Amino acid sequence: MTKTLIRQIKNSVLLLVTILVAGCGGESTSIETPRQLVEAMKVKYDGEWYDTLTFTQETIQYRSGVADTSIWYEALSLPGKLRIDIAPMESGNGLLFANDKRYVFRADTLLFERDEIHPLMVLGFDAYVQEPQVTLAKLDSLGFDLTVLSEAEWNRRPVYVVGAHAGDLRTSQFWIDKELLVFVRVIQRGGIGNQSLVDIRFRDFQTVGGGWVASTVEFYLDGTLSILEYYSDIVVDREMSPDLFEPDAWATATHWMSEDGDTEDVGP
């Protein structure tokens with residue numbers, strides 16, 4: 001069964017449920033806990049969210065007031081796999097996130113690996129395709145307080161905030177757009193003694209397939225912009241070799257080729 005057919009069936013079912021609920025005078029279930037929020041994120045896009053994503057990323061890193069620009073070629077296979085090739089491709093430099101680990105390559109050689117759960121992968125992508133209990137376990141391991149749910153406003157839109165009470169911007173937390181249930185912001189403590197704050201913001205959303213992609217990502221360190229990312233050539237549900245996401249096949253796997261994607265500039 002194709003994804004298009006699945007979406008059509010789901011839309012028909014949702015329309016029927018809406019009619020029945022309206023006829024009975026019922027109301028939708030409210031979200032009152034982080035667990036309910038994560039479950040709702042999965043349900044809203046179940047069977048619709050893309051399985052793979054590729055794009056070209058312009059990465060601007062600010063060091064001592066100087067902007068350093070590079071091009072990264074990125075491929076995601078959901079859940080949990082992200083490959084980043086840093087231009088030029090023939091350099092063999094890049095990163096691989098898989099198996100809850102980070103692998104770093106230089107000249108096609110594995111430089112080092114370490115255990116790491118990528119919070120942006122979990123919140124921005126994996127939560128829509130994997131079971132909620134898996135997402136919740138990973139978020140708990142990342143240090144978010146999954147007993148706290150509050151609300152705020154972001155870019156003139158209401159959001160849910162998990163991990164911090166209203167007005168608290170110094171505790172680790174993540175923000176979810178209340179209407180679309182897409183991830184828009186995360187704040188995490190880090191550095192020596194957890195005294196630093198990393199604030200990452202997803203912006204300029206585009207519809208792709210049955211899901212969303214933020215085509216601009218901003219990284220702030222202690223309130224100062226440190227990294228800007230711009231995505232282009234966005235393509236979803238591209239068939240890719242599984243070897244692309246295997247550390248042992250970093251240099252030998254058949255790489256994806258850039259194609260034009262069908263995107264639309266709407267959303268939060």
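If you're wondering where the values come from, they're calculated on a predicted model, not measured in any experiment. Positions are given from 1 along the sequence.
- Between L95 and L82, the closest side-chain pair of non-hydrogen atoms is not below 4.5 Å.
- Listed here is the closest heavy atom pair of W154 and R203: CZ2-NH2, 3.7 Å.
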Query raised in the report: Hey, mind stepping through Q130 and K42 against side-chain contact (heavy atoms from CB on, under 4.5 Å) and telling me if it holds?
Result: CA-CA 8 Å; Q130 68 188 7; K42 174 64 163 59; 5.8 Å; no
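- If you take CZ on R238 and CG on L53, they are separated by 9.5 Å, rounding to the nearest 0.5 Å.
- Closest non-hydrogen pair, M41 versus A127, comes out as CE-CB, 4.0 Å.
- Considering every non-hydrogen atom in both P34 and L149, the closest pair reads CD-CB, 3.9 Å.
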Requested in this report: Using the side chain to side chain donor-acceptor pair (under 3.5 Å) rule, take T171 and Q173 through it: C-alpha gap first, then chi angles, then the decisive distance, then the call.
Outcome: CA-CA 6 Å; T171 301; Q173 60 196 269; 5.4 Å; no
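- Y160 and L180 fall within the same hydrophobic cluster, defined by Ile, Leu, Val, Met, Phe, Trp and Tyr side-chain heavy atoms under 4.5 Å apart, directly or through other members.
- For the residue pair E58 / T69, no side-chain donor-acceptor distance below 3.5 Å is found, with atom types taken as modelled.
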Report task. Would you please test I84 and Q57 for side-chain contact (heavy atoms from CB on, under 4.5 Å) and show each step? Result -> CA-CA 9 Å; I84 302 172; Q57 175 178 304; over 6 Å; no
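- When side chains are defined from C-beta on, F97 does not count as touching M121, because their heavy atoms never get closer than 4.5 Å.
- Using a 4.5 Å cut-off on side-chain heavy atoms (C-beta onward), V184 and F205 make contact.
- Within the 4.5 Å cutoff, the side chain of L139 has heavy atoms near those of the L123 side chain.
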Report task. Report the C-alpha separation of W212 and Y45 in whole Å, then their side-chain angles, then the decisive distance to 0.1 Å, and conclude whether the side chain to side chain donor-acceptor pair (under 3.5 Å) test is met. Result -> CA-CA 10 Å; W212 298 87; Y45 296 97; 3.0 Å; yes
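- Hydrophobic cluster membership is shared by V161 and L169, with clusters built from Ile, Leu, Val, Met, Phe, Trp and Tyr side chains linked at under 4.5 angstrom.
- Within the model, atoms CD of E116 and CG of N99 stand 13.0 Å from one another, a figure rounded to the nearest 0.5 Å.
- Tracing side-chain contacts under 4.5 Å through hydrophobic residues (I, L, V, M, F, W, Y), one never reaches F219 starting from V66; they form parts of separate clusters.
- Across S172 and G143, no two heavy atoms sit closer than the pair CB-O, 4.3 Å.
- Rounded to the nearest 0.5 angstrom, E239 CD and W256 CH2 are separated by 15.5 Å.
- Using a 4.5 Å heavy-atom threshold, the side chains of D243 and T252 count as separate.
- The aromatic rings of W250 and F105 lie parallel to each other, with less than 30° between the two planes, well short of the 60° mark.
- Atom CD in E218 sits 8.0 Å away from atom CG in D204 (nearest 0.5 Å).
- The distance from atom CG of D85 to atom CG of L244, rounded to the nearest 0.5 Å, is 8.0 Å.
- Atom CZ of R189 has more than 12 neighbouring heavy atoms from other residues, nucleotides or ligands inside a 6.0 Å radius.
- Taking each heavy atom of Y73 and A87 in turn, the nearest pair found is CE1-CB, 3.7 Å.
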Report task. Check the pair Y50 / V213 against side-chain contact (heavy atoms from CB on, under 4.5 Å), numbers first and verdict last. Result -> CA-CA 10 Å; Y50 44 83; V213 170; 3.3 Å; yes
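- F183 has its ring centre less than 6.0 Å from the ring centre of F202.
- Using a 4.5 Å cut-off on side-chain heavy atoms (C-beta onward), W49 and L78 make contact.
- No continuous path of ILVMFWY side-chain contacts below 4.5 Å connects Y62 to L197, so the two sit in separate hydrophobic clusters.
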Requested in this report: Starting from the C-alpha separation in whole Å, work towards a yes-or-no answer on side-chain contact (heavy atoms from CB on, under 4.5 Å) for D100 and D115.
Outcome: CA-CA 6 Å; D100 291 338; D115 293 336; over 6 Å; no
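- Few gaps surround CD on E153; more than 12 heavy atoms of other groups in view lie less than 6.0 Å from it.
- Closest of all the heavy-atom pairs between S150 and H165 is OG-C, 3.7 Å.
- No single ILVMFWY cluster, assembled from side-chain heavy atoms under 4.5 Å apart, contains both V198 and L225.
- Note that CG of D140 is 9.0 Å distant from CG of D145, once rounded to the nearest 0.5 Å.
- The shortest side-chain heavy-atom distance between P247 and E113 does not fall under the 4.5 Å cut-off.
- Residues I187 and D199 have side chains in contact (heavy-atom distance under 4.5 Å, counting atoms from C-beta outward).
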